[in-house]
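Take a look at the structure set out below.
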Amino acid sequence: MSHAASLRRTRISLASDAGGKTTPFGWIGALTLHVAIVAATFITWQHKFDIVNETPFVPVDLVTLADTTNVAPTVREEPKIEPQEEFAAIQPDAATPPDIDAEPAPDENAKPLEQKPQSTPVPSPREETKPRPKKKKAPADPMAALLDQLTKPEAAPKNARVANQKVDGIGRMNAMTADLQAMIQGMIYKCWNPPAAAPHPERLIVTYRVFLNPDGSVAQAPQLTATSSSGDPYLQAAKDSAVRAIYVCAPYSLPASRYQQWRDITITFDPRKMAGVE
Amino acid sequence: MTRMSGWLLKIAGLLLLPLALSVPAAAQLHVDVTQGVMQPLPIAIPNFIAPGGGTGPSGADIAKVVRNDLASSGLFKSLDPASFIDPVRDINTPPNFGNWRVINAQALVTGQTAMQADGRLRVDFRLWDVYGEQQMVGLQYFTTPENWRRIAHLISDAIYERITGEKGYFDTRVVFISESGSALQRKKRLAVMDQDGANPIFLTRGDYLVLTPRFNPTAQMIAYMSYISGKPRVYMFDLESGRQEMLGNFPNMTFSPRFSPDGNKVVMTLEQNGNSDIYVMDLRNRSTVRLTTEPSIETSPSFSPDGTQIVFESDRGGSQQIYVMNADGSNPHRISYGEGRNGTPVWSPRGDLIAFTKQNGGAFRIGVMRPDGSGERVITDGWMDEGPTWAPNGRVLMFTRSARGGRGSQIWSVDISGHNLRRVPTPGDASDPAWSPLIQ
């Protein structure tokens with residue numbers, strides 16, 4: 001926001017200089033220009049949001065990611081941290097729909113979290129589309145009704161639960177596991193000898209479900225999750241190379257305290273990039 | 001603004017809905033691996049055992065050929081037998097995989113030889129997945145004992161195919177021009193050898209010049225250019241009978257022959273009054289059709305693997321470049337637009353690439369491009385690398401590399417990725433290799 005404000009200031013001062021040289025009639029023009037410029041900055045700002053929204057999920061900045069998970073939304077009794085506007089605006093990361101903090105909430109009587117609409121937790125895209133008002137009797141004062149809605153506390157998402165104990169997030173796209181993801185990625189790529197130079201590498205993407213022992217060793221033979229056409233020697237080689245990578249990299253040294261998060265993982269091996277397919 | 005971001009969110013959400021729904025029901029940690037490390041697969045190939053006694057070809061020799069084949073591909077690392085801690089005693093019981101994991105072997109080959117009562121050699125082998133702890137391939141071969149090298153190559157092909165998914169290329173031969181003698185009295189002889197340089201055989205005595213030999217699709221016939229009658233003409237050599245014959249009695253010079261993929265035709269260049277054009281001869285009735293009519297030089301034709309197109313070089317545009325036309329000569333169009341001059345195109349047996357010689361900045365190098373001319377890559381970095389020829393699986397190329405200052409030439413091989421550059425052992429200097437198809 002501060003960036004936008006400064007930008008606006010610069011533009012306005014420039015416009016004022018120009019305005020000084022015009023006739024009184026120019027006032028209207030200048031005003032229009034001002035409005036146009038202010039509006040333009042909004043458009044630019046909005047556009048910037050677009051770019052932010054489209055930025056793919058990059059599991060590097062763990063601090064930032066810690067605010068985005070997809071575990072069932074948990075409602076807190078006393079929100080200690082007010083959602084900051086600027087951060088909230090970046091929140092709607094398309095790749096991480098729900099926005100919920102898995103912090104402990106000691107008090108039982110859950111009161112919905114008070115938030116501005118744009119920082120509202122969005123449990124899932126489906127949920128999002130639901131609350132659209134379909135039929136509505138014309139309100140006496142539409143503006144007042146609108147304001148009313150804006151100030152109305154947001155209802156807790158349907159699947160929200162009251163958190164009464166500390167729960168480490170478990171599951172896919174959970175910020176708590178993003179670091180594990182990166183760790184496993186960092187280990188396994190060194191062990192993977194991808195099927196190179198095979199024609200049509202897009203058909204050689206394989207996914208395995210892997211169960212690990214607490215010591216990081218492979219608990220049982222990795223299971224292919226999707227059955228693909230057999231009899232293709234390239235695919236067979238791709239499957240073998242994936243399984244070899246899983247075994248060769250074991251034992252995986254991962255934080256023992258979080259075994260529940262990594263005991264059961266799925267790994268997708270995608271050779272397209274290695275084959276030079278754009 | 002708020003409404004807009006909400007609206008955008010919805011769109012984004014809707015777009016991502018299928019993604020969200022495809023998540024496995026159990027909330028698991030999911031890891032995407034899109035990067036790997038290309039490294040040779042460590043493979044242990046202990047000497048083949050001979051439970052029935054030590055007659056016949058040695059199991060150590062067979063294992064050595066297999067080790068050498070796989071290592072030469074650049075995709076395998078044959079582990080040093082001295083590091084093996086678990087001697088193979090019986091290939092029909094699963095090995096103790098732990099003893100092979102200790103030495104970092106990811107694959108293990110065990111084999112045995114036995115002489116049959118009828119005098120034939122029997123070779124069994126098994127390929128084991130050391131980490132998956134299971135057999136990947138198990139095969140058995142019978143042959144005359146002298147043929148043990150071919151068996152070793154066939155085993156290499158089976159292992160290569162199972163692990164890479166590609167067809168192998170070890171049971172193949174290479175025909176080439178063997179060169180000897182001083183620069184002034186250079187003797188050029190037609191020679192053929194196994195792809196690993198073993199069993200070299202000279203097919204001609206060297207009293208006349210021979211050039212550009214090419215295998216037919218059954219690897220039994222070789223077409224080449226020779227001055228056997230004092231004039232440069234295309235000849236055919238039958239490897240089985242040792243017979244050779246002139247291919248069509250044209251009044252002028254014929255050269256750069258190459259077989260069609262079905263082996264029924266030979267496409268070649270015929271020179272008349274300084275103008276070279278491409279002709280195709282049907283070997284069944286010896287009829288000849290002229291395919292190009294330009295006043296420029298057209299030569300080095302090579303069929304696409306489906307036989308519908310021909311790639312060739314031409315200087316019709318001012319400099320030597322690569323063109324593609326239909327097999328009947330229609331629709332010729334230029335495909336090479338890179339720097340320098342490009343010649344000697346050869347279509348990959350896999351069809352996806354064309355290898356060629358690029359002449360640029362005083363150097364000759366081997367390059368590959370797609371049949372539409374896109375994706376050009378130069379894959380060697382010598383001073384004089386020329387005349388590429390494809391392994392039957394389209395993964396490896398051989399070519400002639402000449403040293404600076406005319407100090408002879410050798411045959412080298414390189415992977416189409418540009419890695420794994422190796423010299424192919426030949427008796428003396430050698431040039432103009434042509435790789436055979438897989439031997440049937």
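The sequence lines fix the lettering, A, B, ..., with proteins before strands; numbering per chain opens at 1. Computed from a predicted model, the values in this text were never measured in an experiment.
- Side chains of A:Gln181 and B:Val31 form a contact here, defined as non-hydrogen atoms less than 4.5 Å apart.
- For B:Thr164, the part sitting under 4.5 Å from any heavy atom of chain A is the backbone (N, CA, C, O) and nothing else.
- To the nearest 0.5 Å, the span separating CD on B:Gln39 from SG on A:Cys191 amounts to 7.5 Å.
- With hydrogens and angles disregarded, no donor-acceptor distance shorter than 3.5 Å links the side chain of B:Glu166 to the backbone of A:Pro233.
- In terms of heavy-atom pairs under 4.5 angstrom with chain B, the leader among A:Val218, A:Asn193, A:Ile267, A:Ile265 is A:Asn193.
- Side-chain contact between A:Val243 and B:Tyr131 is absent, with no heavy atoms from C-beta onward closer than 4.5 Å.
- Atom CD in A:Gln260 sits 12.5 Å away from atom CG in B:Leu29 (nearest 0.5 Å).
- Heavy-atom distances place no part of B:Arg101 under 4.5 Å from chain A, backbone and side chain included.
- Smallest separation of non-hydrogen atoms from A:Thr207 and B:His30: CG2-CE1, 4.2 Å.
- Heavy atoms only, all atoms of each residue included: A:Ala237 and B:Gly165 are closest at CB-N, 3.6 Å.
- Using a 4.0 Å cut-off between charged side-chain N and carboxylate O, A:Arg244 and B:Asp129 make no salt bridge.
- Between A:Tyr234 and B:Arg350, the shortest heavy-atom distance links the atoms OH-NH1, 4.2 Å.
- Within the 4.5 angstrom heavy-atom criterion, atoms from both the backbone and the side chain of A:Val248 approach chain B.
- Between the side chain of A:Gln185 and the main chain of B:Asp32, a donor-acceptor pair closer than 3.5 Å is present.
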